Each structure stands twice: as C-alpha cells, then as structure tokens.
Amino acid sequence: MDTIININSLSVSFNNKSVLKDIDLNIIKNKITAIIGPSGCGKSTLLKTLNYMTYEDQFANINGDILFNKINIKEIPKEDLRRRIGLVFQNPTPFPISIYKNMVYGPVYYGKKDKKSLNILVEEKLKISGLYDEVKEDLNASALKLSGGQQQRLCIARALSVEPEVILLDEPCSSLDLKNTANIEKMLKNLSDDYTIIIVTHNLSQAKRISDYTAFILNGELIEYGETQELFTKPKDERTQEYIDGIFG
C-alpha cells in the first residue's frame, strides 16, 4: 500500500521533558489511522508535529524526520505544508465571521478570487460535511451562532476548502453528543476515499468503528501499530491488551 507520511525515529521533548520517544510510523494513503493512548502520552504532540506546529515552539527539541510524499517536511514551505496537511482541533474554532467567510478564507488567502468558483466550492464542501442543508439559508450569519456539532463540521469543511491531502483531527468529537458524533464519523468514513485521515481519540469504540489502522502510544512510545481489527482482537503486546481492557488509561 502507498504511504503518504513516513515518521522516522521521531523524538520530541519540551524543556528536556521527553514527550515522544523514537517513533517510527508509516501512514497509509487514503485510509483512516486512529491514534489511541492515555492522556498525556504524546498523541496530540505527534499530530501537531506533523503539521509543523511543534517546530515553532521555542521550548521544543525535535529529532528524527517526517517525510510527506517522500519529502522532508522541513524542506516544504510552511504555508504550503499546512494547506496540504490540515489540522482540526479538539474544540471547534470557527472564525468570528460569517459561515461563508469562514469557508472562503483559506481559498482566498491562497489566491482563489473567482466568485462563482468560490460559491461552488463552499456548497461542495459544506455538502460533504453534511452541513449545507442546515445553513444554506444563513451563510451570511455568524459562524459563532452554530451549535457545537455544527461548528465542528464547519471547521472540517473549512479545512477541506483548500483541498488538503491529509486531515489531522485531535479529539474532534470529545465535546459532542451522540448524534453529532455519528454525523462526523459518517462524514470521515466517506472522506477517506479521497483524503488521508489521522484522528486522535480517547474513544476506543470510535477507533474501532471508523479506522483502518490504529497506533497505540504509551508514555511517548509507539507500543503497537497495525490494522485496527487485528490490533483490537489480537494485540501483540500485553500493554495494548491491558489498555483495551481498561486496566489503565
């Protein structure tokens, strides 16, 4: 299978406190990869490092390499990298402007000016997120007036508006109810035909439902990585089994 991201011997520390330790991980293109593990194990740091955010932290020390389409991310202009690898945070972060302006912000920033093309893009991405029918009459309303679930779907649609290759999601459903969680999970399954998705989640049932591959991280170390069904039913490491069984975490 084609890999789109290759993580080689990645270690990250902050103020000499180790957070990630010698991570080797290959992300498969157009699949959903779940990253699981207890709080504080380094999951979010890994996600932010893929998006180059960690490199901008003055207290971070980073060793190892991350290759995106076989190119070291340090050699890719930061703005280009973040267009191609989008990040959606745990809490919805819509801009305090209209729904429409949220959606066109990125494309306009990257040079898309044609009004007709922008309108088509807004409709297309909002439909993908399952949000269009709910907001099509209110595109000029403030995005902050949307519900939490709607705001999160808007943020995912906004990330899609610049046509990324990879979407990183950090606990995107942690503050949502069951209905909104189901909506987002359905959307992510549909998106994986065209995008590579990496999702950090504490919800083991969610990881089992939607991911093709799962990586288990503990105390900054990659303990196990493989096809989701196999990892959950026949884990190779005792610590993986204990985490799945709820003995810790």
Side-chain angles (χ1 to χ4, degrees), residues 1-29 31-76 78 81-82 84-87 89-90 165-171 196-204 207-208 211-245 247-249:
M1 291 200 178
D2 292 339
T3 61
I4 190 168
I5 294 176
N6 303 93
I7 303 168
N8 302 319
S9 301
L10 178 68
S11 296
V12 179
S13 61
F14 295 93
N15 288 327
N16 296 318
K17 181 183 178 182
S18 180
V19 176
L20 292 175
K21 306 169 186 177
D22 204 27
I23 301 288
D24 289 300
L25 184 60
N26 296 322
I27 302 297
I28 308 299
K29 186 175 182 179
K31 298 293 182 182
I32 299 178
T33 298
I35 302 175
I36 63 172
S39 297
C41 72
K43 303 185 300 295
S44 294
T45 296
L46 177 59
L47 218 60
K48 292 175 182 177
T49 305
L50 296 177
N51 191 250
Y52 211 79
M53 290 184 67
T54 308
Y55 288 87
E56 298 181 318
D57 190 319
Q58 61 177 322
F59 301 110
N61 182 41
I62 304 166
N63 293 297
D65 295 302
I66 299 172
L67 306 182
F68 175 51
N69 289 324
K70 311 305 181 187
I71 301 172
N72 196 305
I73 64 170
K74 289 181 279 191
E75 300 173 8
I76 302 173
K78 181 174 61 178
L81 180 72
R82 288 181 177 161
R84 297 167 68 190
I85 303 180
L87 175 60
F89 294 97
Q90 177 174 354
E165 296 173 54
V166 179
I167 308 166
L168 310 174
L169 301 118
D170 191 359
E171 294 278 2
T196 302
I197 297 170
I198 306 174
I199 178 170
V200 163
T201 180
H202 279 99
N203 187 331
L204 298 184
K208 285 190 283 186
S211 69
D212 303 291
Y213 294 87
T214 297
F216 170 49
I217 296 178
L218 180 65
N219 297 326
E221 297 181 29
L222 178 62
I223 304 302
E224 191 165 343
Y225 172 59
E227 293 186 7
T228 295
Q229 184 176 1
E230 183 173 351
L231 184 141
F232 276 96
T233 58
K234 299 177 182 177
K236 296 180 175 65
D237 192 289
E238 183 179 349
R239 291 167 293 182
T240 308
Q241 186 67 64
E242 290 175 348
Y243 181 68
I244 292 170
D245 289 343
I247 294 174
F248 66 89

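Here the structure is a predicted model, which is why all the values come from computation and not from measurement.
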Between Asp170 and Leu87, is there a donor-acceptor pair closer than 3.5 Å when you use the side chain of the first and the backbone of the second?
no
Can you name the residues that form a salt bridge (Lys or Arg N to Asp or Glu O under 4.0 Å) with Arg82, not counting sequence neighbours?
Glu56
Which one of Leu222, Leu67, Leu46 satisfies the side-chain contact (heavy atoms from CB on, under 4.5 Å) criterion with Ile7?
Leu46
Given 3.5 Å as the limit, does a donor-acceptor pair link the side chain of Tyr243 with the main chain of Gly37, or not?
yes
When you measure from the side chain of Ser211 to the backbone N and O of Ile32, does any donor-acceptor pair fall under 3.5 Å?
no
More than 12 non-hydrogen atoms from neighbouring residues, nucleotides or ligands closer than 6.0 Å to CD on Gln229, yes or no?
no
Would you find more than 12 non-hydrogen atoms of other residues, nucleotides or ligands less than 6.0 Å from Lys74 atom NZ?
yes
Would you find a donor on one side and an acceptor on the other, under 3.5 Å apart, between the side chain of Tyr55 and the backbone of Ile62?
no
Validation row: Leu204, Phe232 side chains within 4.5 angstrom (heavy atoms)
yes
Can you tell me if Asp2 has over 12 outside heavy atoms packed within less than 6.0 Å of its CG?
no
Full working for side chain to side chain contact (heavy atoms under 4.5 Å, CB included) between Asn219 and Cys41:
CA-CA 5 Å; Asn219 297 326; Cys41 72; 5.8 Å; no
Backbone N or O of Tyr213 within a donor-acceptor pair of the Thr228 side chain at under 3.5 Å?
yes
Quick one: salt bridge (Lys or Arg N to Asp or Glu O under 4.0 Å) partners of Glu165, sequence neighbours excluded?
Arg84
Quick test of your reading: applying salt bridge (Lys or Arg N to Asp or Glu O under 4.0 Å), list the pairs with at least one residue in residues 226-237, sequence neighbours left out, ordered by first then second residue.
Glu230-Lys236, Asp237-Arg239
Going through the distances and angles, do Thr201 and Glu171 end up as a side chain to side chain contact (heavy atoms under 4.5 Å, CB included)?
CA-CA 5 Å; Thr201 180; Glu171 294 278 2; 4.3 Å; yes
Check for a donor-acceptor pair, side chain of Lys43 on one end and backbone N or O of Ile199 on the other, with a separation under 3.5 Å.
no
